[in-house]
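For reference, the structure is listed below as structure tokens.
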Amino acid sequence: MSETVLLIGGGGREHAIARALEASEVDLYACAGNRNPGIARIADGFETLETTNPKAVLEFAEEVDATIAVVGPEAPLQAGVADELESAGIYAFGPKEAEARIETDKAFQRRFMAEHDIPGCPDFETFDDMDAACDFVDEYDGDLAIKPAGLTGGKGVKVIGDQVTAEEGKEYIRDSDYDRIVLEERLIGEEFTVQAFVANGDVRTAPAVQDHKRAYEGDEGPNTGGMGSYSDATTALPFMTDADYDDAVSIIEATVDALEDYRGILYGQFMLTSEGPKVIEFNARFGDPEAMNTLPVLETDFLDILTAARDGDSLPALEFAPQATVCKYAVPEGYPTDPEAGAKVQVDEESAGDALLYYASVDERDDGIYTTTSRSFAVVGRADSITEAEQIAEAALEVAGEEGLHMRHDIGKPELVQQRIDHVEELRGE
Ligand code: AMP
Ligand code: GLY
């Protein structure tokens, strides 16, 4: 029987998912709040709708006779889209609202780790009372990360001793109007991501990726959804050992065991500290940009993973091409604080050369494609080494031009990768 897959979401991550499904025997339909031109070209049908409205998503799923749904972003998961599809008998690859709390409620996530003795959990306290939280900042011996419990698109965390002083941190806690926050030990080290395909108790992990959250080169400026990322031709990254990667995988496996019935992608964001990997957060979906590193090198048929998950079978072992990848986002100037929309996008799939082009939050008009206020498009280079992959990505950005756009040219360059290696060596006292 041929499958009809409904893809939910319209960012770069979802464009990568659509591409991964393009190679499979599948009828693909997509829905998102924005019309992503890359996805629209691949899909047999594209509907613009509010993806946090479970009824609207279900209506479209039923209209196209979807047999499987893939939920890209976290917001529809939080809104219960997987629950709604499931109750109508449509298999959703993505956790139900309750399981997605591992991402959507950071207080729940930390308590869950502590309760189940999952390794890699930093010291933490949760607070509903912001005065008590400020007192804790005064009393705590060391720096703290201040994290709103709910979703903030990666932009709500403030780290004392890094982005803010203790006084500024307390001001942020008092002024921000959050109902609940987590205060936790500031972790020092290098961040990396491991994404796992999870279903029927199986966990299949992908090579590690390093994202770059800060807006400007040299890791300066405000946090963003992610400016770009790289992965190596092996499972680990140049600043990690294979044992570090295995430790991260063990943490993900322990989490899946404790969650019992989790399905979809479980994304672990880790800090490689002097004591090994610690968990910064879990996400209930692919990373964006990380999906654009992982899916282009996935050689296993994505549809086979989805149908095995749905049919209660063991997930296939995953094969990845032994290639490095470098992904760079182009974002509107001023992003994320004061983004200016309306720049014309000059690059397209043909002009990107050897790079892959993924559209994100852009607007397709009669005379071309224009930026909005969020991340616009990404280019991905694939090659035998990170350095070569970086050059391929840069060549595509050159075609795109810089007019009205901002990008971090430093991502994946040898100097920055070397800094990461040196940083970890220094932490480990090597
Ligand atoms: P999150 O929204 O949890 O991904 O956090 C955003 C960013 O804040 C992370 O990518 C880290 O750079 C930083 N961060 C979060 N938690 C901590 C922590 N405990 N120590 C240091 N940095 C952190
Ligand atoms: N790259 C960070 C995220 O997807 O949350």
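In listed order, ligands and their atoms are each counted from 1.
Proximity of L151 to L77: side-chain heavy atoms (C-beta onward) are nowhere separated by under 4.5 Å. Proximity of H15 to R19: side-chain heavy atoms (C-beta onward) are separated by under 4.5 Å at one or more points.
When non-hydrogen atoms are compared, ligand 2 lies under 4.0 Å from neither the backbone nor the side chain of Q269. With a heavy-atom cut-off of 4.0 Å, R285 touches ligand 2 through its side chain alone. The part of N283 lying near ligand 2 is the side chain, judged by heavy-atom distances below 4.0 Å.
Using a 4.0 Å cut-off between charged nitrogen and carboxylate oxygen, K96 and E99 do not count as a salt-bridge pair.
Residue Y267 is tested with R285, E290, Q195 for a side chain to side chain donor-acceptor pair (under 3.5 Å); the sole match is E290.
Considering backbone and side-chain atoms together, K213 places an N or O closer than 3.5 Å to an N or O of ligand 1. The shortest N/O to N/O separation between R186 and ligand 1 does not fall below 3.5 Å. By the 3.5 Å distance cut-off applied to N or O atoms, V157 is not counted among the residues near ligand 1.
For atom 2 (C) of ligand 2, the closest non-hydrogen atom on the protein side is Y267 OH, 3.4 Å.
For G225, the closest heavy-atom approach to ligand 2 falls below 4.0 Å. At a 4.0 Å cut-off, not a single heavy atom of G226 sits close enough to ligand 2 to count as contact. Proximity of K106 to ligand 1 is established by a heavy-atom distance of less than 4.0 Å.
In summary, the aromatic rings of Y230 and F192 are positioned with their centroids too far apart to meet the 6.0 Å limit.
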